[in-house]
Amino acid sequence: MTDQVAASAAGEPGARARGRGRRPADEVRADVLRTVGELLLAEGIADLTFERVARLSGVSKTTLYKWWPSKGALALDGYFHAVQQTLAFPDTGDIRVDLRDQLRAFVHLMTTTPAGRILAELIGQSQTDQDLAVAYRTLYSSERRRLAAERLRAAQEAGQVRDDVDVQVVVDQLWGAVYHRLLVPDEPVTEAFADALVQNVLTGITPR
C-alpha cells in the first residue's frame, strides 16, 4: 500500500496540501488520476468517493465533477492510467512474440492484482451508468483496441500477417477470449491459455 493510501486508512493525514497559486490543469489532473489509481489497486472501487479523492489529491469536488460526470467515469480514468504502462504494446519486429508477451502481461495483471476484479466491476457498473459506459468505450476499450490494431497493421506491412486479414477481428479473437474467461470464470485464465490463443490465431486449427 502506498504512503498516501496508508495515510488515508489512518484518518488521511497524508492528503496532499493545497499549494498557493493556481496549478496547471495537467498537473492537477495527474494528481487526481494518480490518487484514484492508487486507491483502486489497493482497495477496489467500493470506497471510492469524490469526497475522498478531493481530500487526498487536494483538488476541489467542483473540479472533479467538471472533469468526470460520475464516480464510475472517474474510476475508469484512474484505472486506465494505473495500468497504462503495464499494458503498453511492445514492438520487437516479431508479431508472434509481441502478441504473446502483451497477452501474458494482460493475463498477469488481471489474475494476480486487483485490476481484474476492478475491471469486471467497472464493466458491470457500465450496464447501468451511461457516463461510465461512454467512458469505457472512448477511453479504455477503444484505446486498447487501437494499440493492438496498430501493431497488427505494422505486422501486415512487414509481411507477417496477410493483407486480407481484418485486424479488428483478430483483436476480438485474442482479447475477447480473455475477457470472456474473466467475466464468465468457468475456465482459468493462464499464460498457457494466452499462448494457445496466439498459436491458434496465427497458425490455425485445421490440418495442413
Side-chain angles (χ1 to χ4, degrees), residues 1-91 102 105-148 150 175 179 182:
M1 182 178 293
T2 66
D3 292 341
Q4 182 186 350
V5 175
S8 73
E12 300 179 340
R16 291 185 176 88
R18 286 182 172 86
R20 294 182 179 179
R22 189 176 183 86
R23 292 190 294 160
D26 288 347
E27 180 183 318
V28 174
R29 192 179 185 92
D31 274 353
V32 172
L33 294 176
R34 182 166 54 251
T35 297
V36 173
E38 289 173 351
L39 287 171
L40 286 175
L41 294 184
E43 304 176 10
I45 195 174
D47 294 326
L48 184 73
T49 64
F50 277 91
E51 290 78 8
R52 192 176 181 195
V53 173
R55 185 165 60 250
L56 287 171
S57 64
V59 177
S60 71
K61 285 196 297 181
T62 301
T63 298
L64 296 181
Y65 281 113
K66 180 176 68 175
W67 286 340
W68 296 280
S70 71
K71 167 185 167 178
L74 173 60
L76 180 66
D77 207 352
Y79 171 86
F80 176 78
H81 282 78
V83 304
Q84 190 172 16
Q85 290 303 313
T86 302
L87 296 182
F89 216 106
D91 186 351
Q102 211 287 331
F106 182 52
V107 165
H108 179 78
L109 185 72
M110 292 297 107
T111 59
T112 66
T113 77
R117 174 174 52 82
I118 293 166
L119 184 59
E121 291 176 2
L122 289 170
I123 292 174
Q125 289 188 17
S126 71
Q127 307 308 303
T128 55
D129 182 340
Q130 184 60 32
D131 291 323
L132 175 56
V134 172
Y136 181 83
R137 290 192 299 271
T138 58
L139 174 65
Y140 183 80
S141 179
S142 64
E143 180 65 9
R144 301 306 314 159
R145 179 181 288 275
R146 181 186 67 80
L147 292 173
E150 284 182 355
W175 284 270
Y179 279 113
L182 287 170

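Predicted, not measured: the structure shown is a model, and the values here were computed from it. Sequence positions, counted from 1, serve as the residue numbers for this chain. Values reported hereafter were calculated over all heavy atoms of this structure, with side chains retained and with hydrogens, waters and symmetry mates removed.
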Practice item. Mind checking salt bridge (charged side-chain N to carboxylate O under 4.0 Å, His left out) for Arg29 and listing every partner two or more places apart, or none if nothing turns up? Key: Asp77
Exercise for review: State the CG-CG distance between Leu74 and Leu48, to the nearest 0.5 angstrom.
Suggested key: 5.5 Å
Check your understanding: Any chance CD of Gln85 has more than 12 other-residue heavy atoms, nucleotides or ligands included, within less than 6.0 Å?
Key -> no
Revision key, fill the gap. On a heavy-atom basis, the closest approach of Leu132 and Ala73 is CD1-N, 3.9 Å
Practice item. For the residue pair Arg144 and Trp175, establish whether any side-chain heavy-atom pair is separated by less than 4.5 Å. Key: no
Point to revise | Sub-4.5 Å side-chain heavy-atom contact between Gln125 and Ile45 | key: yes
Review point. Looking at residues at least two apart in the chain, or sitting in another chain, which of them share a side chain to side chain donor-acceptor pair (under 3.5 Å) with Ser126?
Key: none
Review point. Do you know which two heavy atoms are closest between Asp129 and Ser70, and how far apart they sit?
Key: OD2-OG, 3.2 Å
Review point. Is any side-chain heavy atom of Thr49 less than 4.5 Å from a side-chain heavy atom of Lys71?
Key: no
Check your understanding: Do side-chain atoms of Ser142 reach the backbone of Thr138 as a donor and acceptor pair under 3.5 angstrom?
Key -> yes
Check your understanding: Nearest 0.5 Å, what's the CG-CZ distance between Leu182 and Phe106?
Key -> 6.0 Å
Check your understanding: Does a side-chain heavy-atom distance below 4.5 Å link Ile118 with Leu41?
Key -> yes
Point to revise | pair Leu119-Tyr136: side-chain heavy atoms closer than 4.5 Å | key: yes
Review point. Mind checking what makes salt bridge (charged side-chain N to carboxylate O under 4.0 Å, His left out) contact with Asp91, not counting sequence neighbours?
Key: Arg151
**Study point:** Separation between CH2 of Trp68 and OG1 of Thr63, rounded to the nearest 0.5 Å
**Key:** 9.0 Å
Practice item. Identify the heavy atoms of Ala88 and Gln102 that sit nearest to each other, and give their distance. Key: O-CG, 4.2 Å
Practice item. Please name the pair of heavy atoms, one in Val83 and one in Ala115, separated by the smallest distance, quoted to 0.1 Å. Key: CG1-CB, 4.4 Å
Practice item. State which residues pass side chain to side chain donor-acceptor pair (under 3.5 Å) with Tyr179; sequence neighbours excluded, sorted by chain then number. Key: Tyr140
Study note, to complete from the structure: Interatomic distance, CG@Leu147 vs CZ@Phe89, rounded to 0.5 Å, equals 8.0 Å
Point to revise | Minimum side-chain heavy-atom gap Val59-Val53 below 4.5 Å | key: no
Review point. Considering residues at least two apart in sequence or located in another chain, which fulfil the side chain to side chain donor-acceptor pair (under 3.5 Å) criterion with Gln127?
Key: none
Revision key, fill the gap. In short, Phe50 meets Lys61 closest at the heavy-atom pair O-CG, 4.0 Å
Exercise for review: Check whether any side-chain heavy atom of Val28 sits under 4.5 Å from a side-chain heavy atom of Trp67, and report yes or no.
Suggested key: yes
Exercise for review: Report the residues that fulfil salt bridge (charged side-chain N to carboxylate O under 4.0 Å, His left out) with Arg117, sequence neighbours left out, ordered by chain and then residue number.
Suggested key: Glu121
Review point. Salt bridge check: are Arg55 and Glu51 linked by an N-O gap of less than 4.0 Å?
Key: no
Check your understanding: Does a sphere of radius 6.0 Å around NE2 in His81 hold more than 12 heavy atoms from other residues, nucleotides or ligands, not counting ones at 6.0 Å or beyond?
Key -> yes
Review point. Of the non-hydrogen atoms in Leu40 and Ala75, which two are nearest, and what is the gap between them?
Key: CD1-O, 3.2 Å
